Amino acid sequence: MRSSAAELVRTEQLIKLLGNVKQDERSSAAIAQQANIKLYQNQGVTLDSRVNGLNQAAKLRTSVFHSDKSNPDNRELIGFIEYLRLNDERVLNMIFYLAGIKSEQHHLGFDEFNKEEKQSIIIAINQIKALAALLPKHIAMPI
């Protein structure tokens with residue numbers, strides 16, 4: 001009976017202690033700030049502004065450095081697409097999907113697309129470039 005009485009007394013003390021515990025009523029943002037956890041914030045211009053800037057730079061590059069304005073030399077981009085085709089077709093398909101290229105055309109080389117499709121591919125790549133600049137820097141992988 002003694003052990004039962006002792007357990008009863010300990011249980012009663014624990015209940016009293018739990019009743020004295022205060023719940024933290026602060027917002028999770030306040031708790032995170034106090035714990036010195038950096039939350040994501042874009043300190044620069046919007047994603048759309050970044051994409052528009054990259055697209056304008058691409059147009060300016062064409063007007064300044066290429067004599068054939070309707071079909072500028074994009075050897076580097078052609079090589080990049082072929083590299084992705086051989087090494088990471090999922091990423092290439094993502095670019096084509098973002099550009100609105102039909103899946104039946106995914107096998108085509110860059111030069112085989114029409115002017116509007118080429119522009120869409122370049123815009124899609126610029127969207128990815130702008131987004132990559134905004135990705136969080138300190139990501140921890142769960143293990």
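Values below: every heavy atom of this structure, side chains too, minus hydrogens, waters and symmetry copies. Quick caveat, the model's predicted, so the values are computed rather than measured.
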Would you find a donor on one side and an acceptor on the other, under 3.5 Å apart, between the side chain of Gln56 and the backbone of Gly53? no
Leu98 with Leu134, same ILVMFWY side-chain cluster at under 4.5 Å: no
For His106 against Asn93, the heavy-atom pair lying closest together: ND1-OD1, 3.0 Å
Do Asp88 side-chain atoms and Leu84 backbone N/O form a donor-acceptor pair below 3.5 Å? no
Which heavy atom of Pro72 sits nearest a heavy atom of Ser70, and at what distance? CD-C, 3.7 Å
Between CZ of Phe110 and CD1 of Ile121, what distance do you get to the nearest 0.5 Å? 5.5 Å
Using 0.5 Å steps for rounding, measure from the CZ atom of Phe96 to the CD atom of Glu89. 9.0 Å
Worked check of side chain to side chain donor-acceptor pair (under 3.5 Å) between Asn71 and Lys115: CA-CA 8 Å; Asn71 192 22; Lys115 178 183 171 184; over 6 Å; no
Euclidean distance, Ile128 CD1 relative to Met94 CE, rounded to 0.5 Å: 3.5 Å
For the atom pair CZ (Arg50) and CG (Leu54), what is the distance rounded to the nearest 0.5 Å? 9.0 Å
Rounded to the nearest 0.5 Å, how far apart are CD1 of Ile101 and CD of Glu117? 4.5 Å
Residues that Asp73 engages under salt bridge (charged side-chain N to carboxylate O under 4.0 Å, His left out), provided they are two or more places apart: Arg75
Main-chain N/O of Leu77 paired to Asn74 side chain as donor or acceptor, under 3.5 Å: no
Go through it in stages, so that I can follow the logic: the residues are Lys129 and Val51, the test is side-chain contact (heavy atoms from CB on, under 4.5 Å), and I'd like the CA-CA distance, side-chain angles, deciding distance and then a yes or no. CA-CA 8 Å; Lys129 286 169 67 174; Val51 173; over 6 Å; no
Looking at Ser120 and Glu116, would you say the former's side chain and the latter's main chain have a donor-acceptor pair under 3.5 Å? yes
Should Tyr83 and Leu86 be regarded as members of a common hydrophobic cluster, given that ILVMFWY residues are connected when their side-chain heavy atoms come within less than 4.5 Å of each other, either directly or indirectly? no
Sequence neighbours excluded, the answer for side-chain contact (heavy atoms from CB on, under 4.5 Å) partners of Ile123 is Asn55, Gln127
Heavy-atom closest pair (Glu82 atom, Gly109 atom, distance to 0.1 Å) is OE2-CA, 4.3 Å
Side-chain H-bond candidate by donor/acceptor type, Gln105 with Glu112, under 3.5 Å: no
Neighbour count >12 (heavy atoms, 6.0 Å) for atom CD1, Ile139: yes
Is the side chain of His107 donor-acceptor paired with the backbone N or O of Glu104 at a distance under 3.5 Å, no angle test? yes
Are Phe80 and Tyr97 linked, directly or through other ILVMFWY residues, by side chains that come within less than 4.5 angstrom of each other? no
For the student: nearest non-hydrogen atoms of Arg61 and His66, plus distance: O-CD2, 3.6 Å
Please check if the side chain of Arg85 supplies one atom and the backbone of Leu92 the other of a donor-acceptor pair under 3.5 Å. no
Rounding to 0.5 Å, atoms CD1 (Ile125) and CD1 (Ile81) come to a distance of 5.5 Å
